[in-house]
There are 2 protein chains.
Amino acid sequence: MTRIPAAERRAALIDAALRVVSRHGLAQATTRAIVAEAGMSLASFHYAFASRDELVDELITTVVGREQQAVLPDLIPGQTLHEIVEAGLLRYFEHLRSDPEHEQAMLELTQYALRSPERHPLAAAQYAKYIELAARSLELGAEIAGASWTVPVERVARVLVAFTDGLTLTWLVDRDDDAARAVAAAAADALTRMADTR
Amino acid sequence: MTRIPAAERRAALIDAALRVVSRHGLAQATTRAIVAEAGMSLASFHYAFASRDELVDELITTVVGREQQAVLPDLIPGQTLHEIVEAGLLRYFEHLRSDPEHEQAMLELTQYALRSPERHPLAAAQYAKYIELAARSLELGAEIAGASWTVPVERVARVLVAFTDGLTLTWLVDRDDDAARAVAAAAADALTRMADTR
DNA sequence: ACCGAAGTGGGACAGTTGTCCCAGTCGGTT
DNA sequence: AACCGACTGGGACAACTGTCCCACTTCGGT
C-alpha cells in the first residue's frame with residue numbers, strides 16, 4: 001500500500017464512510033466496512049481516527065459544507081419572486097432525485113446526532129448553516145424580483161428549511177414526483193406571502 | 001414469572017420495544033434491552049417472535065395506528081378554514097412537544113424501513129395512512145367552514161403531511177417553538193389557498 | 001548511509017449481539 | 001390423577017464489533 005499522510009487518510013476515510021452510509025445506512029458503516037470501501041487496512045483507521053465516533057462526528061460536520069450550492073436559485077431577472085422561490089425548490093428537488101441516498105444519509109446523520117446530548121449541537125449547527133444559506137438565497141431572490149420580506153428573513157428561511165425537509169422525507173417514502181412538485185408549489189406560495197411584492 | 005400466552009407477550013414486547021426505541025434509539029433496542037424493559041427472560045423473546053426483525057416490522061405497522069387522533073382538528077363551527085387548519089397543525093405541534101421522543105422514534109422507524117427494499121412498503125403504508133387521515137380531517141374541516149377544496153383532497157393531504165414532517169424534523173433539531181408556530185401558520189396559509197372559501 | 005519518526009499490516013482481544021437448545025414447569029383436558 | 005402441549009429459565013454459541021498491540025517498512029532530514 002502506498003504511503004499516505006494521516007490528514008489525507010482522514011479525508012479519504014470520511015469520503016468512504018459517506019459512501020457506505022449512503023449505500024447501506026449508518027448502522028452498517030462499521031470500521032471494517034469503511035476501511036474496505038477506502039481500500040485500507042483496519043489499523044489505518046485507528047491511526048487516522050481515535051475512534052469510530054470521532055469519524056462520525058467529523059463526517060457530520062464536514063459533509064454539510066458540500067450541500068451548499070444545491071438550493072441557490074437561478075437568478076433570472078424579470079421573474080417574479082414566486083417563480084424564483086419555486087424554481088429554487090424545484091432545483092433542490094432535482095438534486096434530491098439525482099442522489100436520494102445522499103439525502104437519506106444526511107437525514108440519518110442528523111437523527112444520529114439528535115440522540116446524544118453531546119452530539120445534539122452538531123445537528124443544530126448543521127441546521128443553522130442550512131438556515132443561513134436559505135436566508136442568503138431568499139434575500140438575493142427578493143432583490144432580483146424587486147420585493148422585500150415583511151417578516152425577518154431568518155424566519156422565512158427557517159420555514160423554507162422545514163418545507164424542504166418535509167418534501168425530502170415524504171418523497172423518499174413514496175417517490176411521488178408530482179406530489180413533491182405540488183409541495184414545492186405550495187411552499188413557494190406560502191413563502192411568497194411573507195414578502196411584499198411591489 | 002407468571003404465565004402469559006404468546007399473543008399477549010408479543011404485545012407487551014412491542015410496547016417495551018417502543019419505549020426502548022423512544023428512549024435510546026433503534027440501534028440500542030437489542031433483544032436483551034427490550035426483554036429487560038418488558039421484565040422477561042431472553043428466551044421469551046424468541047418464543048413470541050421468530051426474530052428481532054419480525055418484532056421491528058410489527059412495531060412499525062402497529063404503532064402507526066395509535067397516532068390517529070392527534071391531528072384531528074377541533075371542529076368549532078364559525079371558524080374560518082384557515083383557523084381550523086392552523087389549529088389542527090398547532091394541536092399536532094403540542095402533541096409533538098409533549099412527547100418528542102415518540103415522534104423521533106417514529107421517524108427512526110420510517111428511516112429504518114426505507115433502508116431495505118422488502119421493508120420499504122411498510123414505510124409507504126405508514127404514510128398512506130397518514131395521508132388518508134389527513135384527507136379525512138381536511139374534508140371535515142372544509143365542510144365545517146363551508147369551503148371546498150379546489151385541488152383533490154389527497155393532494156392537499158400529501159402536502160399537509162409533508163409540512164408536518166418538516167415541522168417535526170426542524171423542531172426536533174432546534175427546539176424553537178416560535179419558529180415552529182411560524183411554520184404552522186405558513187403551512188395553514190399554503191393549504192388554505194388550495195380551497196375555495198366561499 | 002543512517003536514524004528517528006511516520007505510516008502499515010496482521011493478528012488478537014474482550015464485549016455485545018441475535019439466535020438456539022434443552023431441561024424443566026405449569027395449566028387444562030381427558 | 002395423568003398427560004400433553006404450551007410456556008419458562010438459564011446457559012451456550014458463533015458471528016460481529018470497536019479497539020489495541022507489535023513487529024515491520026518507508027520516508028525525509030542529517
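This structure is a prediction, so every number in the text was calculated from the model and none was measured. In what follows, chains are A, B, ... by sequence order, proteins preceding strands, each numbered from 1.
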Out of [options], which nucleotide sits closest to the side chain of [X]?
X: Thr31(A); options: dT19(D), dT19(C), dG9(C); value: dT19(D)
X: Thr30(B); options: dT19(C), dA12(C), dG18(C); value: dG18(C)
X: Tyr47(A); options: dG18(C), dT8(C), dG18(D); value: dT8(C)

What's the [atom1]-[atom2] distance between [X] and [N], to the nearest Å?
X: Arg52(B); N: dT16(C); atom1: CZ; atom2: P; value: 16 Å
X: Met40(A); N: dG10(C); atom1: CE; atom2: C1'; value: 17 Å
X: Asp57(B); N: dG18(C); atom1: CG; atom2: C1'; value: 15 Å
X: Gln28(B); N: dG15(C); atom1: CD; atom2: C1'; value: 14 Å
X: Phe45(B); N: dG9(D); atom1: CZ; atom2: C1'; value: 17 Å
X: Arg32(A); N: dC13(C); atom1: CZ; atom2: C1'; value: 11 Å
X: Ile34(B); N: dT19(C); atom1: CD1; atom2: P; value: 11 Å
X: Arg9(A); N: dT26(D); atom1: CZ; atom2: P; value: 14 Å

Check the pair Glu94(A), Arg97(A) against salt bridge (charged side-chain N to carboxylate O under 4.0 Å, His left out), reporting the backbone distance first and the verdict last. CA-CA 5 Å; Glu94(A) 287 310 316; Arg97(A) 283 217 309 165; 3.4 Å; yes

Geometric class of the Phe93(A)/Trp171(A) ring pair [parallel <30°, tilted 30-60°, perpendicular >60°]: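 Perpendicular.
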
Roughly how far, to the nearest 0.5 Å, is CD of Glu143(A) from OG of Ser148(A)?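 Between Ser148(A) OG and Glu143(A) CD, I get 11.5 Å after rounding to 0.5 Å.
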
Separation of Leu81(A) CG from Ile144(A) CD1 (nearest 0.5 Å):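 Separation between the atoms: 11.0 Å.
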
Quick one about Asp165(A) and Tyr127(A) (side-chain donor to acceptor, distance below 3.5 Å, no hydrogens or angles considered), yes or no?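 The answer is yes; a qualifying pair exists.
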
Between N or O atoms, less than 3.5 Å apart, protein on one side and nucleotides 20-25 of chain D on the other: list the pairs.
{"unit_1": "dT25(D)", "atom_1": "O2", "unit_2": "Arg3(A)", "atom_2": "NH2", "d": "3.3"}

Does the pair Glu54(B)/Arg10(B) count as a salt bridge with the N-to-O cut at 4.0 Å?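 Yes, charged N to carboxylate O under 4.0 Å.
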
For the pair Arg181(A) and Glu86(A), find out whether any cationic side-chain nitrogen is under 4.0 Å from an anionic carboxylate oxygen.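 Looking at Arg181(A) and Glu86(A), the cut-off is not met.
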
Kindly state which residues belonging to residues 17-27 of chain B come within less than 4.0 angstrom of DNA chain D, counting heavy atoms of the residue only, listed by number.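 None - not one residue of the stretch has a heavy atom sitting under 4.0 Å from the strand.
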
Just distance, no hydrogens or angles: give the donor-acceptor pairs under 3.5 Å from side chains in residues 150-160 of chain A, sequence neighbours left out.
{"unit_1": "Thr150(A)", "atom_1": "OG1", "unit_2": "Met194(A)", "atom_2": "O", "d": "2.8"}
{"unit_1": "Arg158(A)", "atom_1": "NH1", "unit_2": "Asp174(B)", "atom_2": "OD1", "d": "2.6"}
{"unit_1": "Arg158(A)", "atom_1": "NH1", "unit_2": "Asp174(B)", "atom_2": "OD2", "d": "2.3"}
{"unit_1": "Arg158(A)", "atom_1": "NH2", "unit_2": "Thr170(B)", "atom_2": "OG1", "d": "3.0"}

Of the non-hydrogen atoms in Leu89(B) and Ala188(B), which two are nearest, and what is the gap between them?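 Heavy atoms only, the tightest pair is CD1-N, 3.9 Å.
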
